[in-house]
Visitor: 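Sharing a structure with you now.
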Number of protein chains: 2
Amino acid sequence: MINHHRSVKVLRRGDLARLTGCNLETIRYYENIGVMPEPPRSSKNYRVYDDRHVARLRFIMRARELGFTLDEVRDLLALVDGGAQTCGEVQGLANSHLASVRAKIDDLKRIERVLSSTVAQCTGDDVPECPVIDALTEVT
Amino acid sequence: MINHHRSVKVLRRGDLARLTGCNLETIRYYENIGVMPEPPRSSKNYRVYDDRHVARLRFIMRARELGFTLDEVRDLLALVDGGAQTCGEVQGLANSHLASVRAKIDDLKRIERVLSSTVAQCTGDDVPECPVIDALTEVT
DNA sequence: CCAGGGTCTGTAGCAGGTACAGGCTCAAGA
DNA sequence: TCTTGAGCCTGTACCTGCTACAGACCCTGG
């Protein structure tokens, strides 16, 4: 039996969300801010996606998982879309992102050191004297 | 010569900002969200601060530097204000914060590993093949 | 007397989403 | 056939942690 209305299954927003694990609303958000393209619409104004949209969204999600900001994602996509992107250009973006990731790690490690050494001095008792409070209150 | 209008120097918002290094507007923000108390007002409706406000704001800023969220700061302050706070209670908050800091460090380290090992494969040349793009595009 | 700095208020903006109201559309079940 | 529920559409508000700005005041020095 032939389905005259849609001979191939089209993807709607919910399908794209399920296929990628992306939040439904986030897809529209990505479209609004221009990292996802505006897809064609069905006669009833429903967004219609295909495999390339799936790939695109997965790309974005992977980049986000690697901590790239949406601005950086936009840059990466622009390079890819440009077609003539070079390994050197992408490497540049990735390296500067890597630097900021390392900076964040250093910040957090510093925090971890201070916090853990302070907490280590706690008696944990039902007494009001507390090294953590002292550290925060310190007049130094 | 006696200053009949203000025998002691009162602190206004700008003074508090300068003394603590806090942004001027942030002070008002902290008041709005209830981590800084509403200070008394002068006859002309200017906020009037004193030493305790300076100490309070420094406390908040130190806690923020240690990565406590404003919600956590609120909890810490509630304990301190309660007067009967115990070292055990504070230790509990600090430890759970410490756990989330460590989780963030682990996340970032994972990101760092993936990113650096990927970038290491880049030739950096003017060629379109790029391991970073491959990793993001991967169909896996 | 006026310029400039400070202060006051409310409000908008940033990232990066998330959520919800109010209205359509569509397919399946009774 | 009618109804009910799920899905989609739009715009908009909300979240954290600020930051900034407009338009009114107020105060001091020159």
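Here is the naming used below: chain letters follow the sequence lines, and residue numbers restart at 1 for every chain. This is a predicted model, so every value here is computed, not measured.
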Visitor: How many Å lie between CD1 on A:I60 and C1' on C:dG16, as a whole number?
Guide: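 Those two atoms, CD1 and C1', are 13 Å apart.
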
Visitor: Verify, without hydrogens or angle tests, whether B:D15 (side chain) and B:R12 (backbone) share a donor-acceptor contact under 3.5 angstrom.
Guide: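 A pair under 3.5 Å: yes.
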
Visitor: Between A:T26 and C:dT18, is there a side-chain N or O to OP1/OP2 distance below 4.0 Å?
Guide: yes

Visitor: Are the side chain of A:R13 and the backbone N or O of A:L24 linked by a donor-acceptor pair below 3.5 Å?
Guide: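 A pair under 3.5 Å: yes.
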
Visitor: Taking CG in B:N32 as the centre, count heavy atoms belonging to other residues, nucleotides or ligands within less than 6.0 Å. Is the count above 12?
Guide: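 Atom CG in B:N32 is crowded, with more than 12 foreign heavy atoms closer than 6.0 Å.
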
Visitor: State which of D:dC27, C:dT25, D:dC18 makes the closest approach to the side chain of B:K44.
Guide: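 Shortest atom-to-atom distance from the side chain points to D:dC27.
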
Visitor: So, A:H97 side chain and B:L115 main chain: donor-acceptor pair closer than 3.5 Å or not?
Guide: no

Visitor: As a test of reading the structure: which of D:dT19, D:dG17, C:dG16 is closest to the side chain of B:E25, going by heavy atoms?
Guide: D:dT19

Visitor: When the axes are fitted on five pairs at both termini, how much does the helix from C:dC1-D:dG30 to C:dA30-D:dT1 curve, in 10° steps?
Guide: 30°

Visitor: List the residues meeting salt bridge (charged side-chain N to carboxylate O under 4.0 Å, His left out) with A:R58, not counting sequence neighbours, and say none if there are none.
Guide: none

Visitor: Does C:dG17 have OP1 or OP2 sitting under 4.0 Å from an N or O in the side chain of A:Y30?
Guide: yes

Visitor: Between B:N23 and D:dA20, is there a side-chain N or O to OP1/OP2 distance below 4.0 Å?
Guide: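 Checking B:N23 against D:dA20: at least one side-chain N or O falls below 4.0 Å of OP1 or OP2.
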
Visitor: Rounded to whole angstrom units, what separation is found between the CD atom of B:E72 and the C1' atom of D:dT16?
Guide: 12 Å

Visitor: Rounded to whole Å, how long is the line connecting atom CZ of A:R41 with atom P of C:dC24?
Guide: 17 Å

Visitor: Using whole Å, what does the distance between atom P of nucleotide C:dG6 and atom CZ of B:R18 come to?
Guide: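 Rounded to whole Å, this separation is 7 Å.
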
Visitor: At less than 3.5 Å, do the side-chain atoms of A:R28 and the base atoms of C:dG17 form a donor-acceptor pair?
Guide: no

Visitor: Of the nucleotides C:dT9, D:dT10, C:dG17, which one has an atom closest to the side chain of A:R64?
Guide: C:dG17

Visitor: Kindly say if B:R12 contacts the phosphate of C:dG6, meaning a side-chain N or O under 4.0 Å from OP1 or OP2.
Guide: no

Visitor: Just the rounded figure in Å: distance from P of D:dC18 to CG of B:L57.
Guide: 11 Å

Visitor: Counting distance only, does the side-chain N/O of B:E31 pair as donor-acceptor with the main-chain N or O of B:I27 below 3.5 Å?
Guide: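 Not confirmed, B:E31 side chain does not pair with B:I27 backbone.
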
Visitor: Which residue lies toward the 5' end of DNA chain D, B:C22 or B:Y46, if each is placed at its nearest nucleotide?
Guide: B:C22

Visitor: For A:D71, give me all partners under side-chain hydrogen bond (donor to acceptor under 3.5 Å, both in side chains), at least two apart in sequence or on another chain.
Guide: A:R74

Visitor: For the pair A:R64 and A:E72, evaluate salt bridge (Lys or Arg N to Asp or Glu O under 4.0 Å) and give the outcome as yes or no after the intermediate values.
Guide: CA-CA 9 Å; A:R64 295 287 302 130; A:E72 291 168 332; over 6 Å; no

Visitor: Can you tell me the distance, in whole Å, between the CG atom of B:L11 and the P atom of C:dT7?
Guide: 11 Å

Visitor: A:D15 has an atom CG; how far is it from atom P of D:dA6, in whole Å?
Guide: 16 Å

Visitor: At less than 4.0 Å, is any side-chain N or O atom of A:R47 found next to OP1 or OP2 of D:dG7? Yes or no.
Guide: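 It does not, given that no N or O in the side chain of A:R47 lies less than 4.0 Å from OP1 or OP2 of D:dG7.
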
Visitor: Quickly work out the A:I33 CD1 to C:dG13 P distance and round it to whole Å.
Guide: 17 Å

